**Student:** 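Sharing a structure below in structure tokens format, with a few things to ask.
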Amino acid sequence: MRRALLLAVVLLAGCSSPDGSTTGPATSILIGAGSEPENLNPVLGYAPDGAAKIFDGLVSRDASLALKPALAQELPTASADGLTWTAKLRKDITFSDGTPLTADDVVFTYRSVVDKKVNSTIASRFDALAGVVAKDPATVEFTLAYPYAPFAQQLALGIVPAARLTGTDINSAPFNTAPVGTGPYTIETWRKGDRMVLKANEKYWGGAPAIKSVTVVFVPDDNARATRMAAGEFDGTVLPPKLAQTYRDRSGYQIVRNPSADYRGLGIPSELPFTSSPQVRRAINLGINRQAMIDAVLAGSGKPASTPISPYLKDWYDEKTAFTFDVAEAEKLLDEAGWRKGADGKRAKDGQAAKLPVLYPAPDVLRKELALAAASDIAKLGIDAPVEATTFDIMLQRRKEAASVWGGGDPYDPDTAAYTLLHSKYAGQDGYVNMTLYRNSTVDSALDTARRSLDPAARKQAYQDFQEAYAADPGWAFLVFLDHTYVVRDRWNGQETQVEPHDHGLVHAVWWNLERWTPKP
């Protein structure tokens, strides 16, 4: 009933501006974002995969995700043994405050990320980095402790000016909310919890953007974002697929549906007695109807997920390890594990009930519907699966006793999609790494081999071994890979489809190349 009323409000409010007109000029845009960054410092983890708007990395990506030079004048090169990488900087690039970019800024950025005194959320990405030095003002040399095949992918990280941060506590520096970068936009204002305003960097080395002002309003609640978009407040926003469909055939608007490697999955606690058995975790995976979720919850906008490796990583994805929907086999596995049904249809073992609470972050409508769908399928197996709305912090605190609907994933390399999520060395660490406390030595070995090998054939075999070992002993019930859906006023040219990662707020969303958009005549 509540959803029906919401859709009615969306349609009614949207009819008030059927031509998609807006009060602002086409040289400005107002975006409704579903999430707000904690800070704007790349060292601390802001936009580690590029498209940062305020910063540039040594490399960037085109629409096909191919790496291309950015601050580097050409793609960085590796030595034959893969242990040394060299980057040559473009000439005459300055930060937005007018100071020149040099190799010292690059060195400072990467050294800071791995500095133990800095609370960087991306330090684990650079486990292989042994050192970085400036060979001259325009040449940077990275030294690795071991060959790391996807290292070039990590060079999209934005570069910060050393002069602004040297001698400061980076964790609390004013720079984190009022940064200076080399990117196409600068920060004009940021009112936390409300909005951020960007203005064009007219001296941007890649050419001044045609869109001069970008206002990003932070609205984590999906329903609130839908209502405010319908009221004409936003020029564009991200919406769950079913809410986005209300704009179908609406004059002046377009629905953009972009493919992604962004999974939603149920992290199953490996230390909960009920789910400590691989048989039980396999049973849960087999008992979930993923295609039904895609059809009903995502309005067809997505793909089934079995591991964090997306089908868009086509060189690595192994479709043979996908979980089929097989209730009979799920029931058999639960019986074999000793969790048998009683007269009431509920399963128990040695007097202990089979129970798996399912948590999701309260403002997220999509995760709520996926949590309800997954819990319904799990309950049909005779398992008590109560669904609870909560916060991400509580989800982390309860990771030993409850399953939670998490999201993540990227289309760049399987290492960044899977390694920190499933390698046992991250079990028990703080933050969003190995949240299920999963441990499997065969999985560890395959992931280690894949990240250290420079031979594409050996990497492919290692990732096949990983997926096979994981399918036999899953630590999650990965549910779906989303298609990200947006509603955007039809006022600009220049949009290009790109397979998106999990992060799709201001960075890797439909406006990933906003600096190249132009107003329609």
Side-chain angles (χ1 to χ4, degrees), residues 1-3 6 34-35 220-226 238-243 260 262-270 272 274-275 280-281 283-308 323 325 327 330 346 353-409 421 432 435-436 438 474-485 502:
M1 181 66 176
R2 182 183 175 192
R3 173 54 56 84
L6 172 65
S35 61
D221 187 277
D222 293 336
N223 290 332
R225 240 177 13 263
V238 59
L239 290 176
K242 288 193 288 188
L243 290 178
S260 88
D262 182 12
Y263 62 76
R264 292 294 177 272
L266 198 62
I268 304 174
S270 62
L272 180 69
F274 169 52
T275 53
V280 171
R281 297 195 296 268
I284 291 171
N285 271 277
L286 293 168
I288 292 176
N289 190 339
R290 293 165 171 82
Q291 189 58 51
M293 289 181 178
I294 292 169
D295 295 340
V297 178
L298 303 184
S301 299
K303 296 181 181 297
S306 293
T307 77
F323 288 105
F325 177 47
V327 173
K346 302 290 187 181
K355 182 176 181 179
L356 182 64
V358 175
L359 314 182
Y360 71 92
D364 194 317
V365 170
L366 187 59
R367 293 198 205 201
K368 175 183 178 179
E369 294 191 1
L370 289 172
L372 290 170
S376 176
D377 285 342
I378 292 169
K380 291 173 184 175
L381 299 175
I383 300 166
D384 184 16
V387 176
E388 303 175 38
T390 185
T391 66
F392 285 114
D393 286 343
I394 297 299
M395 287 160 59
L396 282 175
Q397 291 171 24
R398 296 183 61 187
R399 59 185 174 175
K400 293 184 179 182
E401 64 185 69
S404 292
V405 181
W406 299 106
L421 193 69
Y432 300 106
M435 291 86 79
T436 66
Y438 177 76
W476 289 57
F478 291 99
L479 303 174
V480 295
F481 289 104
L482 306 177
D483 288 345
H484 293 158
T485 51
H502 171 65

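Along the sequence shown, residues are numbered consecutively beginning with 1. These numbers come from a predicted model, not from an experiment.
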**Student:** Please round to the nearest 0.5 Å and tell me the distance separating atom CG of Leu272 and atom CZ of Arg281.
**Tutor:**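 Between Leu272 CG and Arg281 CZ, I get 10.5 Å after rounding to 0.5 Å.
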**Student:** Quick one, Asn223 with Val365, criterion side-chain contact (heavy atoms from CB on, under 4.5 Å). Give me CA distance, side-chain angles, the key distance, then yes/no.
**Tutor:** CA-CA 7 Å; Asn223 290 332; Val365 170; 3.7 Å; yes
**Student:** side-chain contact (heavy atoms from CB on, under 4.5 Å), that's the test. Do Lys242 and Val297 meet it? Break it down for me.
**Tutor:** CA-CA 8 Å; Lys242 288 193 288 188; Val297 178; 5.5 Å; no
**Student:** Hey, which of Val387, Leu372, Thr390 is the one that makes side chain to side chain contact (heavy atoms under 4.5 Å, CB included) with Tyr360?
**Tutor:**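 By the side chain to side chain contact (heavy atoms under 4.5 Å, CB included) criterion, Tyr360 pairs with just one of Val387, Leu372, Thr390: Val387.
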**Student:** About how many Å separate OG1 of Thr436 and CD1 of Ile268, when rounded to the nearest 0.5 Å?
**Tutor:**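 One finds 8.5 Å between CD1 of Ile268 and OG1 of Thr436.
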**Student:** Classify the ring geometry of Trp406 against Phe392: parallel below 30°, tilted from 30° to 60°, perpendicular beyond 60°.
**Tutor:**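 Correct class here is parallel.
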**Student:** For Leu366 and Leu298, what are the C-alpha separation, side-chain angles and deciding distance, and is it a side-chain contact (heavy atoms from CB on, under 4.5 Å)?
**Tutor:** CA-CA 8 Å; Leu366 187 59; Leu298 303 184; 3.4 Å; yes
**Student:** Using 0.5 Å steps for rounding, measure from the CD1 atom of Ile294 to the CG atom of Leu482.
**Tutor:**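 Going from CD1 on Ile294 over to CG on Leu482, the span is 9.5 Å.
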**Student:** Cut-off 3.5 Å, side chains only: do Gln397 and Asp393 have a donor facing an acceptor?
**Tutor:**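 No pair is found: no donor N or O on one side chain lies under 3.5 Å from an acceptor on the other.
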**Student:** Which of these passes side chain to side chain contact (heavy atoms under 4.5 Å, CB included) with Trp476: Thr307, Leu266, Ile284, Leu421?
**Tutor:**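 Filter result, single survivor: Leu421.
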**Student:** Tell me, do Pro304 and Gln291 make a side-chain contact under 4.5 Å, heavy atoms counted?
**Tutor:**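 Result yes, sub-4.5 Å side-chain heavy-atom pair found.
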**Student:** Is there a side-chain contact between Val405 and Met395, using heavy atoms and a 4.5 Å cut-off?
**Tutor:**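 No, their side chains stay 4.5 Å or more apart.
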**Student:** Measuring from Ile394:CD1 to Glu388:CD, what's the distance to the nearest 0.5 Å?
**Tutor:**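 Atom-to-atom, Ile394:CD1 and Glu388:CD are 10.5 Å apart.
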**Student:** How long is the span from the CG atom in Asp377 to the CZ atom in Phe325, to the nearest 0.5 Å?
**Tutor:**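 Rounded to the nearest 0.5 Å, the CG-CZ separation comes to 5.5 Å.
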**Student:** If you define the side chain from C-beta out and look only at heavy atoms, does anything of Val327 sit under 4.5 Å from Lys380?
**Tutor:**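 Counting from C-beta outward, Val327 and Lys380 never come under 4.5 Å.
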**Student:** State, yes or no, whether a side-chain contact exists between Pro269 and Arg398 at a heavy-atom distance under 4.5 Å.
**Tutor:**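 Counting from C-beta outward, Pro269 and Arg398 never come under 4.5 Å.
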**Student:** Step by step, would you call Asp262 with His484 a side-chain contact (heavy atoms from CB on, under 4.5 Å)?
**Tutor:** CA-CA 8 Å; Asp262 182 12; His484 293 158; 2.8 Å; yes
**Student:** Do Asp222 and Leu239 touch side chain to side chain, with heavy atoms closer than 4.5 Å?
**Tutor:**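 Contact flag for Asp222/Leu239 side chains = no.
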